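Worksheet for the structure shown next.
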Amino acid sequence: GKGRVHLSLGCIAVFLVSKNGETEAVVEITGFYLHFVAMVTGHRVSSQGDLGRRFQTPGLGCSHRSLCICPRWEEEKKEDGVKWTQLEHRGPYFAPLYEPLPDDVQFYYNGKPLKLSLATEEIATFYAKMLDHEYTTKEIFQNNFFNDWRKEMTSDEQKIIKDLDKCDFREIHKYFVDKSEARKALSKEEKQKLKEEADKIQEEYGYCILDGHREKIGNFKTEPPGLFRGRGDHPKMGMLKRRIMPEDVVINCSKDSKIPEPPEGHKWKEVRFDNTVTWLASWTENIQNTLKYIMLNPSSKLKGEKDWQKYEVARRLKDVVHKIRAQYQADWKSKEMKKRQRAVALYFIDKLALRAGNEKEEGETADTVGCCSLRVEHIRLHPELDGQEHVVEFDFLGKDSIRYYNKVSVEKMVFKNLQLFMKNKDPSDDLFDRLNTSILNRHLQSLMDGLSAKVFRTYNASITLQEQLKALTNSEDNVAGKLLSYNRANRAVAILCNHQRSTPKTFEKSMQNLQAKIDAKKQQVEEAQEELKKAEDDNVEKKKKLLKRLEEQLDKLNVQATDKEENKQIALGTSKLNYLDPRISIAWCKKFGVPIEKIYNKTQREKFAWAIDMADEDFEF
DNA sequence: GTCCCGACTTAGTATACGGCCA
DNA sequence: TGGCCGTATACTAAGTCGGGAC
């Protein structure tokens, strides 16, 4: 035919069958691989490859047995903004109800046991569970908790419990510690039973049917009540997060589907049939008064296509980025202050992969900033520093209160502009006082369809990976060596995007373990060398072989240690999952003979199924 | 232009799981 | 077989961004 058909692993034959003047791709398969790209007709197929059809494991509503060729209506392009034509699900799975403490587990006030009402007791257990967490030592946390707790007390309790310092939760705390120990110590059979129960819930509530396919839901459980744990210096830490009731929940599904039943004796807040959104249920949480949603798992077609689209936008940026850079450089000299600020901010976003930086409501969240919301106090200007000219020193808290610290040598014009922007301002004033994210994004949109600040992060992350892989991979290396190169390329991106993690608690110990292994291996290598020297003629080859194997093993361990050390405080996962076009990695795997499983685990392979189907070794971002 | 909100992506950490070794 | 350890998954907070009201 006119199009190309991509064959996936396990695919043994493709037929094009004409039926009623329309052609269908019929795919015969072997083994388990049920993901395909095949082009069902009526569809334009570009040589780069449309996403095409990903055939899926058949689910409810699908009559095909071994693979699923969707009914025609699904092939039709949906109207603008329409996300689905059919959506059926069971509604959320609610957090288990509170189980009262046994009578022998007591709360003490001022040294005396005090029996609490059920509601008061439940909230007390939230605090008790967190007793050995650093949170409970913070004054804001304690105050917020105590305030909210008192609100839920009976008036009698309110009269007695007036001082958190006089509250003794230790017995309750111990009860929960013991309980979790007991859970761990359960026999194999008991654990198995628990697992089966969880699987049953997953099976019942964890999937929905979307346009004829059974799709996995991302978060099908409502969030249990507890104490809010914000990140960083959060003014609301310790506040009570209420229990979500069916009466709080809005259900979204299709009109003609089986509408989920609320739990007995309850009703939904609302049932709506909105096919322009992708969520299945929503509720308003009480801490920030914002909406929370139940949505699909990243493995779903809906999410996959969106993800693919995101990378396609970033690839389009690649074509125009030179022009955009030239323009913002020219704008550094603009007569309009507004334009200059926009141009400098965009330069930061492009060069340093900063986030856009929306305004935040003061006092409602931790004080964090992004590019547009930078304040004067967040940068320091050094005309000269460590032998470099025009150095900008950044020091601020970004998303999740992760510190961004960086010293960057910038163009002279940028430096001068920054001096200008900071003139006559207080440290707490906005650096870019004539700019915000909506102005910036409106401008970006005018430069390229679909362009916004975050696209630069995606683009720069992906292009960096591609370049680093090219620079670092040595085709002579063994798989372990190639993987080290991959991790280093990945790490370059994580550093660019400032993806950090706290050093794992077990880091030192596991490093020691690894070092011990290395030492032991070294010893073995030395011994093998001795043996080889002493070996008789007919034994030399054998000894050589052994030595070689040991040396390779030692090599591998050393590589592991290097990798581990370099990764100590850097989180690779976030960029891998959200910023790096998976087709780059897949192409690299194919080109250098590295199994994809070495790069992506099962969940990640499911998420990136679209890319695994699509990318061949020549893929270029 | 500003403010607000809804929908969606991106983020780090806590915990569960499962394989390996003594 | 039980405990240890590294990895995978669960969890949910915290961003981005566009659209509508004013």
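Values in this document were obtained by computation on a predicted structure and should not be read as measured data. Every chain is numbered from 1 and lettered A, B, ... according to where its sequence line falls, protein lines coming before strand lines.
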Do A:Y205 and A:H89 have their ring centres less than 6.0 Å from each other? no
Can you find a side chain N or O atom of [X] that sits less than 4.0 Å from OP1 or OP2 on [N]?
| X | N | result |
| --- | --- | --- |
| A:K241 | C:dA13 | yes |
| A:N358 | C:dT16 | yes |
| A:K338 | B:dG1 | yes |
| A:K292 | C:dA13 | yes |
| A:K454 | B:dT10 | yes |
| A:R183 | B:dC17 | no |
| A:H499 | B:dT10 | no |
| A:R442 | B:dG1 | yes |
| A:S452 | C:dC17 | yes |
| A:S502 | B:dT13 | yes |
| A:K310 | B:dT10 | yes |
| A:S438 | C:dG18 | no |

Listed nucleotide nearest any side-chain atom of [X], set [options]:
| X | options | result |
| --- | --- | --- |
| A:T368 | C:dG15, B:dT13, B:dG12 | C:dG15 |
| A:Y579 | C:dC11, B:dA11, C:dG6 | B:dA11 |
| A:W279 | C:dT16, B:dG12, B:dC8 | B:dC8 |

Tell me whether the side-chain N or O atoms of A:K399 pair up with the base of B:dT10 as donor and acceptor below 3.5 Å, since no angle test is needed here. yes
Taking for each residue the nucleotide of DNA chain B bearing the nearest heavy atom, is the 5' side occupied by A:N498 or by A:D274? A:D274
Assess whether side-chain contact (heavy atoms from CB on, under 4.5 Å) is satisfied between A:L87 and A:N275, documenting all intermediate values. CA-CA 8 Å; A:L87 176 60; A:N275 66 3; over 6 Å; no
Contact class for A:R501 (heavy atom, under 4.0 Å): base, sugar-phosphate, or nothing? sugar-phosphate
At 4.0 Å (heavy atoms only), tell me whether A:F228 reaches a base, stays on the sugar-phosphate, or touches nothing. sugar-phosphate
Can you check the A:L572 CG to C:dG6 P distance for me, whole Å? 16 Å
Minimum-distance pair of heavy atoms, taken over all atoms of A:K83 and A:T276: NZ-O, 3.0 Å
